[in-house]
Q: 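Following this message is one structure expressed as structure tokens.
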Amino acid sequence: MTSTAARPGRVAKLPPRERILDAAEELFQREGIQRVGVQAIAERAETTKMAIYRHFETKDALVAEWLRILAAEYQAAFDRVEAEHPGRPREQILGLARFIADGLPSLSYRGCPFINSLAELPDRSHPARQVIEEHKSRQTRRLVGMCTEAGLPDPEQVAAQITFVLEGAQVSTQNGSIDRAGERLMRIVEALVGP
């Protein structure tokens, strides 16, 4: 999903479905899923509630689609590092860590949308929560695959450690508890994957 920084100048240029998703992203990121109603999304998207329900059967369906788009962006990061470092799994892992490290400053205000959404969606049968769980599972499988290809001993354990570090850095950045989180994240992942 594109950045909402230049949003006012481009909102009228987007098709209705994209305007709705754009507005939902901005509001969900800033205020959280539960605090944002369909009317607020409609107003921000310069459309009507009826138009939202034409594109998305329920608010839950809209939330799930927003998270699917975010998950696709993360999967694209895996694709990018694999393409940039073909046959070099260690560099691929470091590229993923760098992707997270470089994104930390933008998380300092509201935090990771997946972590925040999980906190707001305790029902495991919620469609948006299922999107997150599927995304995290796919991400773990890909990371285990990279660790296996890198010849790391106990690839599942190393992938779990890397995941803890990546997600912990995001939470620590959001709550301000650790300074220089990006640098620290990179040093830890470098130590885990070795020279």
Side-chain angles (χ1 to χ4, degrees), residues 1-4 17-18 20-36 38 41 52-53 55-85 89 92-104 106-107 110-150 152 154-174 185 189 192:
M1 186 164 283
T2 57
S3 169
T4 55
R17 187 174 193 280
E18 283 71 28
I20 293 164
L21 284 163
D22 192 64
E25 175 187 33
E26 179 182 359
L27 293 170
F28 293 156
Q29 287 274 50
R30 188 176 68 218
E31 299 176 27
I33 294 167
Q34 300 300 331
R35 291 190 57 198
V36 174
V38 174
I41 295 168
I52 291 175
Y53 289 123
H55 293 281
F56 303 96
E57 192 171 303
T58 63
K59 178 185 170 188
D60 289 347
L62 173 58
V63 173
E65 183 61 17
W66 165 60
L67 290 168
R68 258 187 222 93
I69 291 167
L70 290 178
E73 290 175 1
Y74 278 82
Q75 292 306 314
F78 273 86
D79 296 342
R80 265 193 313 278
V81 298
E82 287 174 343
E84 290 169 2
H85 308 286
Q92 293 170 1
I93 295 166
L94 293 173
L96 286 174
R98 175 58 55 204
F99 168 75
I100 297 297
D102 289 349
L104 290 175
S106 66
L107 292 176
R110 179 72 175 114
C112 172
F114 297 113
I115 293 168
N116 293 342
S117 296
L118 283 173
E120 290 195 69
L121 304 169
D123 178 5
R124 294 193 79 155
S125 67
H126 191 287
R129 182 159 178 131
Q130 291 175 349
V131 168
I132 296 169
E133 290 177 6
E134 289 167 12
H135 162 65
K136 292 297 185 179
S137 176
R138 185 170 45 251
Q139 191 170 300
T140 298
R141 284 192 308 274
R142 287 185 83 173
L143 187 54
V144 168
M146 288 175 175
C147 291
T148 300
E149 288 178 31
L152 299 175
D154 199 353
E156 289 183 4
Q157 179 64 24
V158 176
Q161 292 171 327
I162 292 169
T163 299
F164 290 153
V165 171
L166 298 178
E167 296 197 358
Q170 292 175 67
V171 172
S172 297
T173 297
Q174 181 182 0
L185 176 156
V189 174
L192 286 170

Q: Kindly compute the distance separating CD (Gln174) from CD1 (Ile115), expressed to the nearest 0.5 Å.
A: 7.5 Å
Q: Ignoring hydrogens, what is the shortest heavy-atom contact between Val81 and Met146? Give both atom names and the distance.
A: CG2-CE, 4.0 Å
Q: Please name all residues satisfying side-chain contact (heavy atoms from CB on, under 4.5 Å) with Ala24, sequence neighbours left out, ordered by chain then number.
A: Phe28, Ile41, Leu62
Q: Which distance, rounded to the nearest 0.5 Å, do you find between the SG of Cys112 and the CD1 of Ile100?
A: 7.5 Å
Q: Measure the CD1-CG distance between Ile93 and Leu192 for me, rounded to the nearest 0.5 Å.
A: 9.5 Å
Q: Considering only heavy atoms from C-beta outward, does the side chain of Thr148 approach that of Glu156 to under 4.5 Å?
A: no
Q: Please enumerate all residues that pass side-chain contact (heavy atoms from CB on, under 4.5 Å) together with His135, with sequence neighbours excluded.
A: Ala71, Tyr74, Gln75, Phe114, Arg138, Gln139
Q: With rounding to the nearest 0.5 angstrom, report the CG to CD distance, Leu143 to Gln161.
A: 11.0 Å
Q: Could you list the residues that satisfy side-chain contact (heavy atoms from CB on, under 4.5 Å) with Val165, not counting sequence neighbours?
A: Leu185, Ile188, Val189
Q: Which residues pass the salt bridge (charged side-chain N to carboxylate O under 4.0 Å, His left out) test with Arg98, not counting sequence neighbours?
A: Asp102
Q: Which residues pass the side-chain hydrogen bond (donor to acceptor under 3.5 Å, both in side chains) test with His55, not counting sequence neighbours?
A: none
Q: Once you round to the nearest 0.5 Å, how far does CG of Leu96 lie from CG of Leu166?
A: 7.5 Å
Q: List in chain and number order the residues that pass side-chain hydrogen bond (donor to acceptor under 3.5 Å, both in side chains) with Arg68, two or more places apart in sequence or in another chain; answer none if no residue qualifies.
A: Glu65
Q: If you take all heavy atoms of Ala169 and Leu104, which pair is closest and at what distance?
A: O-CD2, 3.8 Å
Q: If the threshold is 4.0 Å, N to carboxylate O, is there a salt bridge linking Arg129 and Asp60?
A: no
Q: Between Thr58 and Pro127, is any pair of side-chain heavy atoms under 4.5 Å apart?
A: no
Q: Tell me the closest heavy-atom pair linking Gln29 and Pro113, and the distance in Å.
A: OE1-CB, 3.6 Å
Q: Looking only at non-hydrogen atoms, find the nearest pair between Arg142 and Glu82 and report the distance.
A: NH2-OE1, 2.9 Å
Q: Of all residues at least two apart in sequence or in a different chain, which pass the salt bridge (charged side-chain N to carboxylate O under 4.0 Å, His left out) check with Glu120?
A: Arg110
Q: Which heavy atom in Phe99 sits nearest to a heavy atom in Arg80, and how many Å separate them?
A: CE1-NH2, 3.7 Å
Q: For Asp154, check side-chain hydrogen bond (donor to acceptor under 3.5 Å, both in side chains) against everything at least two apart and list the hits.
A: none
Q: Can you list everything that forms a side-chain hydrogen bond (donor to acceptor under 3.5 Å, both in side chains) with Arg141? Sequence neighbours excluded, please.
A: Ser137
Q: side-chain contact (heavy atoms from CB on, under 4.5 Å) with Thr140: which residues, sequence neighbours excluded?
A: Val144
Q: Hey, what do you get for CD (Gln170) to OG1 (Thr173), rounding to the nearest 0.5 Å?
A: 8.0 Å
Q: If you apply the rule side-chain contact (heavy atoms from CB on, under 4.5 Å), what do you find for Val131 with Ser117, and how did you get there?
A: CA-CA 11 Å; Val131 168; Ser117 296; over 6 Å; no
Q: Quick one: list whatever passes salt bridge (charged side-chain N to carboxylate O under 4.0 Å, His left out) with Glu167, sequence neighbours left out.
A: Lys136
Q: Should Arg30 and Glu26 count as an ion pair when the cut-off is N to O under 4.0 Å?
A: yes
Q: Identify the two heavy atoms, one from Gly32 and one from Val36, that lie closest to each other, and give their separation to 0.1 Å.
A: O-CG2, 3.1 Å
